[in-house]
Structure formats: structure tokens, C-alpha cells
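What follows is a short report on a single structure.
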Amino acid sequence: MKGLVLAAVLLVLAAPARAAEGAPFQPLPDPAMEARARALQKEIRCPVCEVQSIEESNATLAADLRKLIRDRIAAGESDEQIKEFLVSRYGAFVLMQPPVRGDTVLLWFGPLLVLFAGGAVVAITVARAKRRPAVPELESENG
Amino acid sequence: MHEPVSRETGILANNFLLTGAAVTTMIGTLYPLALDAATGTKLSVGPPFYAITVVPLFAILAVLMPFGPMLTWRRGDARAAMRLLRWACGAAILASIAALLLFSPVSIVGAIAVFLGTWLIGGSAAGLFRRAGSLRMMRFLPAGAWASALAHGGLGVLAFGVAGATVWKSENAGILRPGESMPIAGYELRLDRTEQVTGPNYVADRATITVFANGREDGVVHPEKRFYPAEQQPTTYSSIRTTGLSDLHVVLSEPREGGTWVIRAYVNPLAPLIWLGAVIMALGGIFGILARLRRTRSSRVAVPAAAGIAQ
């Protein structure tokens with residue numbers, strides 16, 4: 001009796017984990033469409049995982065989203081339409097490449113600004129160094 | 001103090017590009033946090049952002065790197081430097097054409113990476129050769145010469161690894177029952193059996209998969225899919241098999257009825273070069289420190305003499 005109870009408890013604990021597989025994997029018959037699906041999967045972040053795309057993740061939701069993408073590609077939707085749908089459901093968070101819009105201007109153009117500032121510093125430093133008189137070198141040249 | 005074309009400017013350009021890449025990475029990492037804190041909007045910044053922003057900076061850096069050691073302090077001769085590097089440039093062009101012709105899929109990005117890798121390694125060799133004068137004399141070179149050659153050449157090796165592992169990687173997924181095989185990039189993977197194993201806090205499905213390379217049996221891998229009751233979430237332990245110059249990853253993905261499994265396999269050619277390149281660069285750094293220690297010790301003797309001359 002105790003053995004039966006223990007077995008039942010273990011089964012109950014393990015059952016949800018085993019059942020949590022998500023939609024089964026079924027590659028698309030057309031290899032070009034399958035390649036499109038794989039490429040698109042790499043651009044979509046798994047919403048419940050830390051850093052993985054749905055291509056890499058083994059989470060239930062990732063498997064469901066992979067099937068969703070395949071169904072929509074087979075139905076003739078474009079990559080943009082599928083991404084729009086996923087963004088409307090999960091937010092911009094689901095895209096690996098952040099959109100270029102009002103609140104991401106600093107993200108996309110920040111690096112450019114930094115590079116311009118750094119470039120200006122380099123240019124000014126080189127211009128000033130050319131004008132300064134020579135100073136005797138103490139260190140020998142090294143490789 | 002120094003002309004626009006000189007080793008000093010080379011070091012400035014180096015600092016500018018590396019700092020730019022670091023600041024860009026910092027912006028990409030911190031921006032989602034800042035935006036979330038400020039407006040509650042959730043964003044993610046993934047590999048595509050860095051591919052557009054950081055990778056070009058490193059490409060420019062790679063083009064400039066072989067010139068640095070060829071330029072002298074205060075006033076460098078760019079034309080002389082280019083003349084010393086012409087063999088490295090030619091080799092790089094040939095290698096990138098070979099990459100376009102020989103490897104599939106045909107990839108411009110891959111050809112550029114092969115060009116830069118060959119350019120860096122060739123440029124480092126040219127630098128050593130110029131310092132030594134001949135192949136035989138290279139063993140008398142000071143640590144400082146080896147420092148820059150290893151550091152720059154190491155990045156070239158790393159560039160090859162990154163090119164192979166990202167541009168020319170293969171992946172495949174198959175639905176196999178025991179005894180069936182699936183192909184990937186010259187390998188054949190045969191699922192022999194799966195069994196249940198138990199660990200201290202998990203229960204797992206463990207597969208035995210035989211790897212065939214060009215028809216010959218080449219080893220066995222054991223990917224697992226573990227279930228931790230405490231977390232109610234399955235975790236996959238993929239098997240990684242590194243053979244010389246490539247990585248083979250095999251993942252036990254999803255079970256099906258009747259003992260069938262979905263198996264995913266990935267081959268990343270040249271991936272071990274990423275690690276090797278980094279190790280070589282670290283070695284270059286160590287040589288640089290040794291060279292600096294040696295120079296500090298000898299300059300303590302030289303400085304009083306130079307000060308005497310200046311007066």
C-alpha cells in the first residue's frame with residue numbers, strides 16, 4: 001500500500017514535466033519553406049527563456065511557436081506578417097533585432113554618436129601632436 | 001610630437017575602435033534595462049544588433065592591425081608598410097576567392113572573414129620576418145616582437161573560427177526510431193537505443209547514437225533529456241563531439257510514440273579555432289608583459305645616460 005502511494009506520488013510529480021512537450025515537430029515538405037522557417041525561428045526570442053531563440057530552446061512555448069510559424073508559412077504569410085503577429089501578441093520583446101522607432105533611437109544611433117565623439121578626439125589629438133615640437137625618445141622601438 | 005601616419009596614430013585608432021565596440025556592447029546590454037525602468041516597455045537586443053554595429057568595427061580594426069607594427073614611431077612610412085605587406089594581401093585575396101569557390105553555401109561575409117583572417121595571420125608573419133631578416137634569425141627575436149605577432153595572428157585564427165562556425169554551419173533534424181539514421185554534413189548519425197536513467201534529482205532519457213564519418217564508425221555520443229520534478233521543466237543535455245577542426249552537437253529533442261525521437265544535430269566547422277585563437281592572443285599578451293618587464297629593468301640603466309645627453 002505504501003509502495004503504491006509512493007509510486008502514485010512520483011508519477012503525479014513527473015507527469016506534468018513529461019506532458020509539457022508542446023506541439024510536435026513536423027518539418028515542412030518544401031525545403032525552401034523549411035529553410036525560411038528555420039531562419040525566422042532564429043530571429044524570434046523565446047518569451048519564457050532567458051536568452052535563447054525559439055530555434056534553440058526546448059521549452060513548451062518555443063515548440064508551440066515553431067509550429068505556429070510553420071503553419072503560417074505554409075498558409076502563405078510573409079515573414080513580416082508573422083513577425084507582426086508575434087509582436088502584437090508578445091510585444092517587441094520577442095524580436096531579436098529591436099525595431100527602429102521613437103524609443104529606440106538612442107539604442108541605434110547611440111553607438112554612432114559615440115563613434116563620432118571618439119573620432120573627433122582622435123582627430124584633435126593627431127592634429128595637436130603634429131604641431132607640438134619633438135621630444136627626445138627614451139624608449140627604444142619594439143615589435 | 002608625431003605625424004598623422006605613425007605608430008602613435010595606429011595605437012590611437014586601435015583604442016578608438018576597441019573602445020567603440022565596448023561602449024556599443026554596453027549600450028546594447030543596458031538599454032533594455034533602462035527603457036524598462038523608464039517606460040515599462042520590454043525590448044530585447046539580440047545577435048542581429050551586434051552584427052550590424054560591433055562586427056563592422058572589428059572588421060575595420062582587422063584591416064588596420066597589420067599596419068601598426070610596420071609603422072615607426074613619430075613618422076611612419078605607409079607606402080613602405082604596404083610594400084612589406086603585399087604578400088599577406090595577395091594571400092588574403094587568394095584565400096577569399098578560394099572560400100567563394102570551394103565552400104557552400106557561397107557567402108560574401110564568409111569570404112570577407114577569410115580575407116581578414118589570412119590578412120591578420122599573414123601580416124603578423126610579415127612583421128616577424130621583417131624584424132628577423134630571415135627565417136633562421138626568427139628564433140633570436142625578442143619577446144616584444146612575438147607579442148604583437150601572436151596577438152594579431154591570434155585574432156586572425158579566431159576570425160577563421162567565427163567564419164566557419166556561423167557562415168558554414170550545418171543543421172538537421174530527423175525523426176528516428178532505434179536503428180534508423182540521419183545525415184548531417186558528411187556524418188551519418190544512427191540512433192541505437194534510448195534508455196531511462198536516474199540521477200540524484202532527476203530522471204532522464206539517454207540516447208546512444210553512433211557517429212559515422214564518411215561511412216566509417218567514428219564514435220558514440222549520449223545526449224540526454226532530463227526531467228527535474230522540482231522544476232517541472234525538461235532540460236536537454238546535448239552531446240558535443242569535437243574532432244580536430246569542428247564541433248558536432250547532437251540534441252535529444254522531443255519524444256514521439258513507439259520509442260521514436262526527434263533528434264537535432266548541428267555541425268560547426270572550425271569552431272575550435274575560436275578557442276585556439278583566444279589562447280594565442282592571451283599568449284601574445286603574456287609575451288608583451290614579459291617584454292615590458294625586461295624593458296623596465298633595462299631602462300632604469302638607460303634613463304640617467306639619456307638625461308645626461310639631453311643636457
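Letters A, B, ... are given to chains in the order of the sequence lines, protein chains preceding strands, and every chain is numbered from 1.
- Atom CZ of residue A/R66 and atom CD of residue B/E254 lie 6.0 Å apart, to the nearest 0.5 angstrom.
- For B/Y202, the OH atom sits in a packed shell: over 12 heavy atoms of surrounding residues, nucleotides or ligands are nearer than 6.0 Å.
- With a 4.5 Å cut-off on non-hydrogen atoms, B/I175 touches chain A through its side chain but not through its backbone.
- Contacts between B/R75 and chain A at a heavy-atom distance below 4.5 Å are absent for every atom of the residue.
- Only the side chain of B/Y266 comes within contact range of chain A, with heavy atoms under 4.5 Å apart.
- Using a 4.5 Å cut-off between heavy atoms, A/L112 makes no contact with chain B at all.
- Heavy-atom distances place the side chain of B/L35, and not its backbone, under 4.5 Å from chain A.
- In terms of non-hydrogen atom pairs under 4.5 Å with chain A, the most contact-rich of B/T39, B/L30, B/I52, B/L141 is B/I52.
- When all heavy atoms of B/F16 and A/G118 are compared, the closest pair comes out as CE1-C, 3.4 Å.
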Exercise answer: donor-acceptor pairs, residues 119-129 of chain A side-chain atoms, under 3.5 Å, sequence neighbours excluded:
unit_1: A/T125; atom_1: OG1; unit_2: A/V121; atom_2: O; d: 2.6

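- Between chain A and the options B/S44, B/A21, B/G46, the largest number of non-hydrogen pairs under 4.5 Å is found for B/S44.
- When B/M26, B/E3, B/R256, B/M70 are compared by the number of non-hydrogen pairs under 4.5 Å with chain A, B/R256 comes out ahead.
- Contact count against chain A (heavy-atom pairs under 4.5 Å) is highest for B/L43 among B/L17, B/T41, B/L43, B/V54.
- In this structure, chain A has heavy atoms under 4.5 Å from both the backbone and the side chain of B/V45.
- Note on residues 18-35 of chain B: no pairs pass side chain to side chain donor-acceptor pair (under 3.5 Å), not counting sequence neighbours.
- Close approach to chain B, defined as a heavy atom under 4.5 Å from one of its heavy atoms, is seen in A/L95, A/M96, A/Q97, A/P98, A/P99, A/R101, A/D103, A/T104 of residues 94-104 of chain A, taken by number.
- Of the two parts of B/L128, neither the backbone nor the side chain holds a non-hydrogen atom closer than 4.5 Å to a non-hydrogen atom of chain A.
- Near-neighbour residues of residues 73-92 of chain A relative to chain B, defined by a heavy atom under 4.5 Å from a heavy atom of that chain, comprise A/A92.
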